[in-house]
Amino acid sequence: MIQLTATPVSALVDEPVHIQATGLTPFQMVSFQASLEDESGNMFYSQAHYRANEFGEVDLKHAASLGGDYMGVHPMGLFWSLKPEKLLTRLLKKDVMNKPFQVQLKLYDLELIVNNKAASAPKASLTLERWYVAPGVTRIQVREGRLRGALFLPPGKGRFPGVIDLFGGLGGLLEFRASLLASRGFASLALAYFNYEDLPAKPEITDLEYFEEAANFLLRHPKVFGPGVGVVSVCQGVQIGLSMAVNLKQVTATVLINGTNFPFGIPQVYRGKIYQPFPYSAQLISTSALGLLELYRIYETTEVGASQYLFPVEEAQGHFLFIVGEGDKVINSKAHAEQAIGQLRRHGKNNWTLLSYPGAGHLIEPPYSPLCCASMTRDLKLHWGGEVIPHAAAQEHSWKEIQRFLRKHLIPDMTSPL
(Lines give C-alpha, C1' and ligand atoms only; values in the text may rest on other atoms or scores of the structure.)
Protein backbone atom coordinates (compact mmCIF):
# COMPACT_ATOMS: atom_id res chain seq x y z
CA MET A 1 0.00 0.00 0.00
CA ILE A 2 1.39 3.37 -1.02
CA GLN A 3 1.78 5.81 1.88
CA LEU A 4 2.83 9.45 1.99
CA THR A 5 4.00 10.77 5.36
CA ALA A 6 5.26 14.11 6.64
CA THR A 7 6.65 14.75 10.13
CA PRO A 8 5.52 16.99 11.71
CA VAL A 9 2.25 17.58 9.92
CA SER A 10 1.72 20.84 11.80
CA ALA A 11 4.72 23.09 12.52
CA LEU A 12 6.12 26.59 12.43
CA VAL A 13 7.12 27.77 8.96
CA ASP A 14 10.78 27.88 9.97
CA GLU A 15 10.78 24.20 10.96
CA PRO A 16 11.80 21.46 8.50
CA VAL A 17 9.45 18.64 7.56
CA HIS A 18 10.53 15.07 6.91
CA ILE A 19 8.66 13.76 3.84
CA GLN A 20 8.64 10.10 2.80
CA ALA A 21 6.78 7.82 0.40
CA THR A 22 6.63 4.06 0.93
CA GLY A 23 4.93 1.08 -0.70
CA LEU A 24 6.07 1.98 -4.22
CA THR A 25 7.39 -0.42 -6.83
CA PRO A 26 11.20 -0.69 -6.64
CA PHE A 27 12.79 2.08 -8.76
CA GLN A 28 9.39 3.54 -9.66
CA MET A 29 9.47 7.15 -10.92
CA VAL A 30 7.12 9.43 -8.99
CA SER A 31 6.28 13.11 -8.83
CA PHE A 32 5.72 15.02 -5.58
CA GLN A 33 3.52 18.08 -6.06
CA ALA A 34 2.83 20.82 -3.51
CA SER A 35 0.24 23.58 -3.64
CA LEU A 36 -0.71 26.47 -1.37
CA GLU A 37 -3.54 29.01 -1.50
CA ASP A 38 -2.84 32.34 0.16
CA GLU A 39 -5.37 34.53 1.97
CA SER A 40 -6.25 36.36 -1.26
CA GLY A 41 -6.93 33.18 -3.21
CA ASN A 42 -3.64 33.18 -5.13
CA MET A 43 -2.25 29.73 -5.85
CA PHE A 44 1.37 28.63 -5.56
CA TYR A 45 2.71 25.34 -6.96
CA SER A 46 5.87 23.22 -6.98
CA GLN A 47 6.86 19.75 -8.12
CA ALA A 48 9.86 17.45 -8.02
CA HIS A 49 10.47 14.02 -9.56
CA TYR A 50 12.15 11.11 -7.77
CA ARG A 51 13.09 7.47 -8.32
CA ALA A 52 12.20 5.03 -5.55
CA ASN A 53 14.98 2.89 -4.11
CA GLU A 54 15.14 -0.90 -4.26
CA PHE A 55 12.70 -1.08 -1.33
CA GLY A 56 10.09 1.10 -3.04
CA GLU A 57 10.79 4.10 -0.81
CA VAL A 58 11.55 7.76 -1.38
CA ASP A 59 12.97 9.74 1.55
CA LEU A 60 13.35 13.42 0.67
CA LYS A 61 15.98 13.80 3.38
CA HIS A 62 18.35 11.61 1.36
CA ALA A 63 16.98 11.18 -2.17
CA ALA A 64 17.88 13.52 -5.02
CA SER A 65 15.24 15.15 -7.18
CA LEU A 66 15.84 14.23 -10.82
CA GLY A 67 13.68 16.99 -12.29
CA GLY A 68 10.85 19.42 -11.77
CA ASP A 69 11.41 22.75 -10.01
CA TYR A 70 14.79 21.79 -8.54
CA MET A 71 17.36 19.02 -8.74
CA GLY A 72 19.50 17.40 -6.07
CA VAL A 73 19.01 16.58 -2.39
CA HIS A 74 16.84 19.29 -0.88
CA PRO A 75 14.51 18.00 1.87
CA MET A 76 12.47 21.25 1.92
CA GLY A 77 12.65 22.03 -1.78
CA LEU A 78 8.91 21.60 -2.32
CA PHE A 79 8.33 24.55 0.02
CA TRP A 80 10.93 27.08 -1.10
CA SER A 81 10.41 26.33 -4.81
CA LEU A 82 6.68 27.21 -4.71
CA LYS A 83 5.89 29.59 -7.57
CA PRO A 84 2.81 31.79 -8.04
CA GLU A 85 0.26 30.83 -10.68
CA LYS A 86 -0.23 34.55 -11.27
CA LEU A 87 3.08 36.17 -12.14
CA LEU A 88 4.47 39.00 -9.96
CA THR A 89 2.67 37.72 -6.85
CA ARG A 90 4.45 37.65 -3.49
CA LEU A 91 3.48 35.18 -0.77
CA LEU A 92 2.75 37.23 2.36
CA LYS A 93 1.03 35.99 5.52
CA LYS A 94 -1.40 38.52 6.94
CA ASP A 95 -3.35 36.82 9.73
CA VAL A 96 -0.54 35.18 11.69
CA MET A 97 -2.55 34.29 14.80
CA ASN A 98 -5.62 32.40 13.67
CA LYS A 99 -4.86 30.38 10.56
CA PRO A 100 -1.81 28.60 9.18
CA PHE A 101 -0.95 28.26 5.53
CA GLN A 102 -2.11 24.85 4.35
CA VAL A 103 0.18 23.02 1.95
CA GLN A 104 -1.42 20.26 -0.08
CA LEU A 105 1.09 17.53 -0.86
CA LYS A 106 0.28 14.92 -3.52
CA LEU A 107 2.14 11.92 -4.92
CA TYR A 108 1.72 10.88 -8.57
CA ASP A 109 3.07 8.20 -10.84
CA LEU A 110 5.41 10.22 -13.07
CA GLU A 111 4.31 8.27 -16.16
CA LEU A 112 0.83 9.73 -15.69
CA ILE A 113 2.04 13.35 -15.70
CA VAL A 114 1.40 14.95 -19.10
CA ASN A 115 2.59 18.53 -19.79
CA ASN A 116 3.13 18.98 -16.04
CA LYS A 117 -0.49 18.05 -15.35
CA ALA A 118 -1.76 14.89 -13.71
CA ALA A 119 -3.75 12.57 -15.93
CA SER A 120 -5.13 10.58 -12.98
CA ALA A 121 -5.81 10.84 -9.27
CA PRO A 122 -2.84 10.99 -6.90
CA LYS A 123 -1.52 7.78 -5.38
CA ALA A 124 -1.50 9.49 -1.96
CA SER A 125 -2.03 12.94 -0.49
CA LEU A 126 -1.95 14.87 2.76
CA THR A 127 -2.30 18.41 4.09
CA LEU A 128 0.40 20.19 6.08
CA GLU A 129 -0.09 23.17 8.39
CA ARG A 130 2.57 25.89 8.40
CA TRP A 131 2.13 28.29 11.30
CA TYR A 132 3.67 31.72 11.89
CA VAL A 133 3.08 31.67 15.64
CA ALA A 134 3.80 29.06 18.31
CA PRO A 135 1.22 27.98 20.90
CA GLY A 136 1.12 30.38 23.82
CA VAL A 137 2.42 33.45 21.98
CA THR A 138 0.20 36.47 22.62
CA ARG A 139 -0.45 39.41 20.30
CA ILE A 140 -1.21 42.87 21.69
CA GLN A 141 -2.39 45.63 19.36
CA VAL A 142 -0.32 48.75 20.02
CA ARG A 143 -1.99 52.17 19.92
CA GLU A 144 -0.06 54.09 22.54
CA GLY A 145 0.36 57.78 21.85
CA ARG A 146 1.24 57.92 18.20
CA LEU A 147 2.77 54.40 18.14
CA ARG A 148 1.05 51.87 15.89
CA GLY A 149 1.95 48.22 15.67
CA ALA A 150 1.59 44.79 17.25
CA LEU A 151 3.56 43.41 20.19
CA PHE A 152 4.16 39.66 20.28
CA LEU A 153 5.13 38.08 23.60
CA PRO A 154 6.47 34.54 24.04
CA PRO A 155 4.71 32.21 26.48
CA GLY A 156 5.92 32.19 30.06
CA LYS A 157 6.68 34.76 32.73
CA GLY A 158 9.75 36.24 31.00
CA ARG A 159 11.72 38.41 30.88
CA PHE A 160 12.63 38.31 27.19
CA PRO A 161 14.99 40.18 24.88
CA GLY A 162 13.11 42.97 23.09
CA VAL A 163 13.21 43.50 19.33
CA ILE A 164 11.67 46.12 17.02
CA ASP A 165 10.82 44.70 13.58
CA LEU A 166 10.88 47.09 10.61
CA PHE A 167 9.87 46.36 7.03
CA GLY A 168 10.27 48.61 4.02
CA GLY A 169 8.49 50.23 1.12
CA LEU A 170 5.22 48.26 1.36
CA GLY A 171 4.18 50.28 4.37
CA GLY A 172 1.33 49.10 6.56
CA LEU A 173 1.95 46.50 9.24
CA LEU A 174 3.68 43.20 8.44
CA GLU A 175 3.68 40.80 11.39
CA PHE A 176 5.00 37.46 10.16
CA ARG A 177 8.64 37.97 11.19
CA ALA A 178 7.78 39.45 14.60
CA SER A 179 5.40 36.57 15.37
CA LEU A 180 8.11 34.06 14.45
CA LEU A 181 10.69 35.88 16.57
CA ALA A 182 8.26 35.72 19.50
CA SER A 183 7.89 32.02 18.83
CA ARG A 184 11.67 31.79 19.28
CA GLY A 185 11.73 33.67 22.58
CA PHE A 186 11.87 37.37 21.68
CA ALA A 187 9.41 40.07 22.74
CA SER A 188 8.88 41.47 19.25
CA LEU A 189 7.25 44.73 18.25
CA ALA A 190 6.10 44.79 14.63
CA LEU A 191 6.19 48.55 14.11
CA ALA A 192 4.25 50.40 11.42
CA TYR A 193 5.61 53.78 10.39
CA PHE A 194 3.55 54.82 7.38
CA ASN A 195 0.39 53.94 5.49
CA TYR A 196 -1.30 52.26 8.45
CA GLU A 197 -4.39 53.38 10.38
CA ASP A 198 -3.87 57.10 11.12
CA LEU A 199 -0.21 57.18 10.12
CA PRO A 200 0.48 59.25 6.99
CA ALA A 201 0.31 57.35 3.71
CA LYS A 202 3.16 59.40 2.22
CA PRO A 203 5.19 61.04 4.99
CA GLU A 204 7.33 64.05 4.15
CA ILE A 205 9.96 63.25 6.79
CA THR A 206 11.05 60.31 8.92
CA ASP A 207 10.84 61.44 12.54
CA LEU A 208 13.34 59.33 14.48
CA GLU A 209 11.72 60.32 17.76
CA TYR A 210 8.80 58.06 16.79
CA PHE A 211 11.21 55.11 16.80
CA GLU A 212 12.77 56.31 20.06
CA GLU A 213 9.29 56.18 21.57
CA ALA A 214 8.97 52.61 20.31
CA ALA A 215 12.26 51.61 21.95
CA ASN A 216 11.21 53.17 25.25
CA PHE A 217 7.77 51.55 25.03
CA LEU A 218 9.42 48.15 24.64
CA LEU A 219 11.91 48.73 27.47
CA ARG A 220 9.12 49.78 29.86
CA HIS A 221 7.33 46.47 29.38
CA PRO A 222 7.75 44.25 32.46
CA LYS A 223 8.50 41.21 30.32
CA VAL A 224 11.37 42.80 28.40
CA PHE A 225 15.06 42.68 29.29
CA GLY A 226 17.01 45.90 29.54
CA PRO A 227 18.98 47.96 29.16
CA GLY A 228 18.91 47.72 25.35
CA VAL A 229 16.68 46.54 22.51
CA GLY A 230 17.41 45.05 19.12
CA VAL A 231 16.22 46.09 15.68
CA VAL A 232 15.59 43.80 12.71
CA SER A 233 15.20 45.75 9.48
CA VAL A 234 15.00 45.15 5.75
CA CYS A 235 15.09 47.37 2.66
CA GLN A 236 13.75 50.86 3.47
CA GLY A 237 13.65 49.87 7.13
CA VAL A 238 17.45 49.52 7.13
CA GLN A 239 18.04 53.26 6.82
CA ILE A 240 15.89 53.70 9.93
CA GLY A 241 17.52 50.82 11.80
CA LEU A 242 20.98 52.20 11.07
CA SER A 243 19.99 55.70 12.16
CA MET A 244 18.47 54.29 15.36
CA ALA A 245 21.75 52.53 16.13
CA VAL A 246 23.67 55.77 15.59
CA ASN A 247 21.37 58.07 17.57
CA LEU A 248 19.63 55.98 20.24
CA LYS A 249 21.56 54.55 23.16
CA GLN A 250 18.66 52.16 23.74
CA VAL A 251 19.54 50.22 20.56
CA THR A 252 22.33 47.73 21.22
CA ALA A 253 21.94 45.16 18.41
CA THR A 254 20.87 45.98 14.85
CA VAL A 255 20.19 43.54 12.00
CA LEU A 256 20.36 45.19 8.57
CA ILE A 257 19.04 43.10 5.66
CA ASN A 258 19.69 44.46 2.17
CA GLY A 259 19.60 48.20 2.73
CA THR A 260 21.53 51.43 2.43
CA ASN A 261 23.95 53.30 4.69
CA PHE A 262 22.21 56.62 4.02
CA PRO A 263 18.64 57.99 4.02
CA PHE A 264 16.79 58.00 0.72
CA GLY A 265 13.45 59.30 -0.47
CA ILE A 266 12.72 61.73 2.38
CA PRO A 267 14.82 63.44 5.09
CA GLN A 268 15.31 61.97 8.54
CA VAL A 269 14.92 64.31 11.49
CA TYR A 270 16.03 63.78 15.10
CA ARG A 271 16.19 66.45 17.81
CA GLY A 272 17.21 69.25 15.49
CA LYS A 273 19.49 67.11 13.31
CA ILE A 274 18.48 66.65 9.69
CA TYR A 275 19.80 63.83 7.50
CA GLN A 276 19.14 64.75 3.90
CA PRO A 277 18.21 61.95 1.47
CA PHE A 278 20.83 60.78 -0.98
CA PRO A 279 20.01 62.06 -4.49
CA TYR A 280 19.37 59.28 -6.97
CA SER A 281 20.27 59.09 -10.65
CA ALA A 282 17.09 58.29 -12.61
CA GLN A 283 19.11 57.62 -15.75
CA LEU A 284 20.67 54.61 -14.02
CA ILE A 285 17.34 52.79 -13.63
CA SER A 286 17.55 49.70 -15.82
CA THR A 287 15.10 47.16 -17.15
CA SER A 288 15.62 43.40 -17.29
CA ALA A 289 14.97 41.28 -20.36
CA LEU A 290 11.52 40.54 -18.89
CA GLY A 291 10.67 44.22 -18.50
CA LEU A 292 11.28 44.36 -14.75
CA LEU A 293 12.68 47.50 -13.14
CA GLU A 294 16.13 47.24 -11.55
CA LEU A 295 17.09 50.06 -9.18
CA TYR A 296 20.35 48.82 -7.69
CA ARG A 297 22.57 51.25 -9.61
CA ILE A 298 20.72 54.52 -8.89
CA TYR A 299 22.82 55.51 -5.86
CA GLU A 300 26.46 56.17 -6.75
CA THR A 301 27.97 56.46 -3.28
CA THR A 302 31.57 56.66 -4.50
CA GLU A 303 31.07 60.01 -6.21
CA VAL A 304 32.62 63.23 -4.90
CA GLY A 305 30.41 64.72 -2.20
CA ALA A 306 28.59 61.44 -1.46
CA SER A 307 30.06 61.15 2.03
CA GLN A 308 27.93 64.03 3.35
CA TYR A 309 24.84 61.81 3.07
CA LEU A 310 26.27 58.74 4.83
CA PHE A 311 25.26 57.92 8.39
CA PRO A 312 28.11 58.33 10.93
CA VAL A 313 27.98 54.64 11.81
CA GLU A 314 31.16 54.97 13.87
CA GLU A 315 29.09 56.80 16.51
CA ALA A 316 26.95 53.74 17.24
CA GLN A 317 27.65 52.06 20.57
CA GLY A 318 25.90 48.77 19.76
CA HIS A 319 26.61 45.94 17.34
CA PHE A 320 25.67 45.44 13.68
CA LEU A 321 24.78 42.34 11.68
CA PHE A 322 24.81 43.17 7.96
CA ILE A 323 23.00 40.59 5.80
CA VAL A 324 23.50 40.93 2.06
CA GLY A 325 22.06 39.16 -0.96
CA GLU A 326 24.64 39.52 -3.71
CA GLY A 327 21.93 39.02 -6.34
CA ASP A 328 19.83 41.96 -5.04
CA LYS A 329 18.49 43.93 -8.02
CA VAL A 330 16.79 46.69 -6.00
CA ILE A 331 19.62 47.93 -3.76
CA ASN A 332 23.37 47.50 -4.19
CA SER A 333 23.32 46.28 -0.62
CA LYS A 334 26.74 44.62 -0.64
CA ALA A 335 28.45 47.86 -1.68
CA HIS A 336 26.54 49.87 0.93
CA ALA A 337 27.30 47.37 3.72
CA GLU A 338 30.99 47.28 2.78
CA GLN A 339 31.11 51.08 2.75
CA ALA A 340 29.61 51.23 6.26
CA ILE A 341 32.06 48.57 7.46
CA GLY A 342 34.92 50.60 5.94
CA GLN A 343 33.84 53.58 8.03
CA LEU A 344 33.76 51.43 11.17
CA ARG A 345 37.22 50.02 10.44
CA ARG A 346 38.74 53.45 9.87
CA HIS A 347 37.54 54.43 13.33
CA GLY A 348 38.95 51.31 14.94
CA LYS A 349 35.58 49.65 15.42
CA ASN A 350 35.03 45.90 15.23
CA ASN A 351 31.37 45.90 16.31
CA TRP A 352 30.07 44.37 13.08
CA THR A 353 29.48 41.07 11.31
CA LEU A 354 28.84 40.69 7.57
CA LEU A 355 26.96 37.76 6.05
CA SER A 356 27.12 38.00 2.26
CA TYR A 357 25.26 35.40 0.19
CA PRO A 358 26.05 34.83 -3.51
CA GLY A 359 22.88 34.18 -5.50
CA ALA A 360 20.52 35.51 -2.83
CA GLY A 361 18.09 38.28 -3.78
CA HIS A 362 16.58 41.24 -1.96
CA LEU A 363 13.74 39.58 -0.05
CA ILE A 364 15.62 37.41 2.44
CA GLU A 365 12.85 36.03 4.65
CA PRO A 366 12.47 33.22 7.23
CA PRO A 367 13.53 29.71 6.18
CA TYR A 368 11.65 27.75 3.53
CA SER A 369 9.81 30.86 2.26
CA PRO A 370 9.48 30.77 -1.53
CA LEU A 371 11.79 33.06 -3.45
CA CYS A 372 9.97 36.15 -4.71
CA CYS A 373 12.27 37.39 -7.46
CA ALA A 374 9.78 39.93 -8.85
CA SER A 375 6.44 41.46 -7.85
CA MET A 376 4.15 44.42 -8.30
CA THR A 377 4.97 47.12 -5.73
CA ARG A 378 3.33 50.55 -5.85
CA ASP A 379 2.26 49.79 -9.44
CA LEU A 380 5.88 49.06 -10.41
CA LYS A 381 7.15 45.73 -11.71
CA LEU A 382 10.21 45.37 -9.48
CA HIS A 383 12.97 42.82 -9.97
CA TRP A 384 14.03 41.72 -6.47
CA GLY A 385 16.61 39.26 -7.77
CA GLY A 386 17.87 35.93 -6.49
CA GLU A 387 18.32 32.33 -7.61
CA VAL A 388 16.08 29.72 -6.03
CA ILE A 389 18.56 27.30 -4.42
CA PRO A 390 21.20 29.76 -3.10
CA HIS A 391 18.46 32.11 -1.91
CA ALA A 392 16.85 29.29 0.06
CA ALA A 393 20.22 28.42 1.64
CA ALA A 394 20.74 32.08 2.59
CA GLN A 395 17.35 32.25 4.30
CA GLU A 396 17.98 29.12 6.33
CA HIS A 397 21.48 30.16 7.45
CA SER A 398 20.73 33.84 8.15
CA TRP A 399 17.68 33.09 10.30
CA LYS A 400 19.79 31.10 12.75
CA GLU A 401 22.46 33.80 12.73
CA ILE A 402 19.93 36.55 13.40
CA GLN A 403 18.68 34.75 16.50
CA ARG A 404 22.21 33.98 17.70
CA PHE A 405 23.27 37.61 17.21
CA LEU A 406 20.24 39.02 19.06
CA ARG A 407 20.63 36.65 22.00
CA LYS A 408 24.34 37.37 22.29
CA HIS A 409 23.90 41.14 22.48
CA LEU A 410 20.54 41.45 24.25
CA ILE A 411 20.74 38.83 27.00
CA PRO A 412 23.50 39.45 29.57
CA ASP A 413 26.18 36.74 29.54
CA MET A 414 24.12 34.69 27.10
CA THR A 415 25.80 32.07 24.95
CA SER A 416 23.30 30.96 22.34
CA PRO A 417 22.93 27.21 21.76
CA LEU A 418 21.94 27.80 18.11
Side-chain angles (χ1 to χ4, degrees), residues 2-22 30-48 50 58-61 65 68-70 74-86 89-108 118 121-139 150 152-156 165 173-186 188 190 363 365-372 392 395-396 399-400 403:
I2 296 174
Q3 284 191 314
L4 178 62
T5 60
T7 308
V9 169
S10 181
L12 289 172
V13 293
D14 63 353
E15 293 179 9
V17 176
H18 186 193
I19 298 172
Q20 294 176 284
T22 57
V30 292
S31 179
F32 289 80
Q33 298 192 3
S35 63
L36 180 155
E37 182 178 1
D38 74 7
E39 291 149 311
S40 299
N42 298 303
M43 295 300 301
F44 295 76
Y45 296 98
S46 65
Q47 62 176 342
Y50 291 85
V58 178
D59 184 340
L60 268 60
K61 188 179 287 188
S65 170
D69 290 318
Y70 60 91
H74 298 289
M76 292 294 289
L78 288 167
F79 296 84
W80 48 247
S81 68
L82 285 163
K83 299 187 300 300
E85 183 177 50
K86 181 182 178 182
T89 301
R90 179 180 176 185
L91 183 64
L92 275 177
K93 192 73 173 81
K94 297 172 184 175
D95 179 2
V96 298
M97 293 299 294
N98 298 306
K99 291 183 179 180
F101 275 143
Q102 293 190 328
V103 179
Q104 309 293 330
L105 191 61
K106 297 179 180 181
L107 180 68
Y108 293 93
K123 299 293 184 182
S125 63
L126 54 81
T127 301
L128 300 171
E129 291 185 344
R130 305 293 284 168
W131 287 91
Y132 282 81
V133 65
V137 170
T138 55
R139 178 190 184 277
F152 292 88
L153 295 173
D165 190 31
L173 182 63
L174 297 179
E175 304 179 12
F176 65 86
R177 192 167 58 201
S179 64
L180 273 180
L181 284 169
S183 301
R184 297 304 178 196
F186 298 91
S188 304
L363 297 175
E365 300 193 319
Y368 319 124
S369 302
L371 166 66
C372 178
Q395 292 186 148
E396 189 169 355
W399 186 241
K400 293 178 182 178
Q403 294 176 65

S.K.: Of all heavy-atom pairs between Ala34 and Leu105, which one has the smallest distance, and what is that distance?
M.R.: CB-CD1, 4.2 Å
S.K.: Answer whether the closest heavy-atom distance between the side chains of Gln102 and Leu128 falls below 4.5 Å.
M.R.: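 With C-beta onward as the side chain, the pair stays apart.
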S.K.: Mind telling me whether Phe176 and Tyr132 have parallel, tilted or perpendicular rings, with 30° and 60° as the class edges?
M.R.: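 Perpendicular: the ring planes of Tyr132 and Phe176 meet at over 60°.
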S.K.: List for me each residue that meets ring pair (Phe, Tyr, Trp, His ring centres under 6.0 Å) alongside Phe32, sequence neighbours excluded, and say none if there are none.
M.R.: Tyr50
S.K.: Going through the distances and angles, do Gln20 and Leu60 end up as a side-chain contact (heavy atoms from CB on, under 4.5 Å)?
M.R.: CA-CA 6 Å; Gln20 294 176 284; Leu60 268 60; over 6 Å; no
S.K.: How close do Val137 and Pro154 get, heavy atom to heavy atom, and via which atoms?
M.R.: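 Val137 and Pro154 have their closest heavy atoms at CG2-CA, 4.3 Å.
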S.K.: CZ of Phe79 to CG of Leu36: how many Å apart, nearest 0.5 Å?
M.R.: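 Here the rounded value is 9.5 Å.
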S.K.: Would Gln33 and Tyr45 count as a side-chain contact (heavy atoms from CB on, under 4.5 Å) here? Give the steps.
M.R.: CA-CA 7 Å; Gln33 298 192 3; Tyr45 296 98; over 6 Å; no
S.K.: Could Arg184 and Asp14 be called an ion pair, given the rule that one side-chain N must be under 4.0 Å from one carboxylate O?
M.R.: yes
S.K.: Can you see which heavy atom on Leu126 is nearest to which on Ala6, and at what distance?
M.R.: CD2-N, 3.9 Å
S.K.: Measuring only between side-chain heavy atoms, which start at C-beta, is Thr22 closer than 4.5 Å to Ile2?
M.R.: no
S.K.: As a quick check of understanding, evaluate side-chain contact (heavy atoms from CB on, under 4.5 Å) for Asp165 and Phe152, giving each step before the final call.
M.R.: CA-CA 11 Å; Asp165 190 31; Phe152 292 88; over 6 Å; no
S.K.: Looking at residues at least two apart in the chain, or sitting in another chain, which of them share a salt bridge (charged side-chain N to carboxylate O under 4.0 Å, His left out) with Glu39?
M.R.: Lys93
S.K.: Can you tell if the side chain of Arg90 reaches within under 4.5 Å of the side chain of Leu363, non-hydrogen atoms only?
M.R.: yes
S.K.: Please name the pair of heavy atoms, one in Ala190 and one in Leu173, separated by the smallest distance, quoted to 0.1 Å.
M.R.: O-CD1, 3.3 Å
S.K.: Quick test of your reading of the model: are Glu129 and Lys99 salt-bridged, counting only N-O distances below 4.0 Å?
M.R.: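 Here Glu129 does not pair with Lys99 in a salt bridge, since their nearest N and O are not under 4.0 Å apart.
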S.K.: Nearest 0.5 Å, what's the CD-CG distance between Glu15 and Leu180?
M.R.: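 If we round to the nearest 0.5 Å, Glu15:CD and Leu180:CG are 9.5 Å apart.
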S.K.: Trp131 vs Val13, test: side-chain contact (heavy atoms from CB on, under 4.5 Å). Steps then yes/no.
M.R.: CA-CA 6 Å; Trp131 287 91; Val13 293; 5.9 Å; no
S.K.: Against His18, only a single residue in Thr7, Asp59, Thr5 fulfils side-chain hydrogen bond (donor to acceptor under 3.5 Å, both in side chains); can you say which?
M.R.: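 It is Asp59; the other options fail the test.
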S.K.: Might you point out which heavy atoms bring Ala48 and Leu78 nearest each other, and give the distance in Å?
M.R.: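 Closest heavy-atom pair between Ala48 and Leu78: N-CD2, 4.0 Å.
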S.K.: For the side-chain hydrogen bond (donor to acceptor under 3.5 Å, both in side chains) test, which of Arg130, Glu396, Gln395 pairs with Tyr368?
M.R.: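 The passing option is Glu396.
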S.K.: Closest heavy-atom contact between Cys372 and Thr89?
M.R.: SG-O, 4.5 Å
S.K.: For the residue pair Trp80 and Tyr70, is the inter-centroid distance of their aromatic rings smaller than 6.0 Å?
M.R.: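 Judged by ring-centre distance (under 6.0 Å), Trp80 and Tyr70 do meet the cut-off.
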S.K.: Counting distance only, does the side-chain N/O of Ser179 pair as donor-acceptor with the main-chain N or O of Arg177 below 3.5 Å?
M.R.: no
S.K.: Donor-acceptor pair, distance only, cut-off 3.5 Å: does the side chain of Ser183 make one with the backbone of Ala134?
M.R.: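 Answer holds: yes.
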S.K.: Which value, rounded to the nearest 0.5 Å, describes the distance between Leu91 atom CG and Asp38 atom CG?
M.R.: 6.0 Å
S.K.: Quick one: pull up CD in Gln47 and OG in Ser35 and give me the separation to the nearest 0.5 Å.
M.R.: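 Those atoms lie 11.5 Å apart.
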S.K.: To the nearest 0.5 Å, what is the distance between CD on Glu175 and OG on Ser188?
M.R.: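 The CD atom of Glu175 sits 11.5 Å away from the OG atom of Ser188.
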S.K.: Do side-chain atoms of Ser81 reach the backbone of Gly77 as a donor and acceptor pair under 3.5 angstrom?
M.R.: yes
S.K.: Hey, are Gln104 and Thr127 close enough side-chain-wise for a donor-acceptor pair under 3.5 Å?
M.R.: yes
S.K.: Between Val30 and Lys123, is any pair of side-chain heavy atoms under 4.5 Å apart?
M.R.: no
S.K.: Would you say the side-chain atoms of Asn42 pair up with the backbone N or O of Phe44, donor to acceptor, closer than 3.5 Å?
M.R.: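 Judged by distance alone, no pair lies under 3.5 Å.
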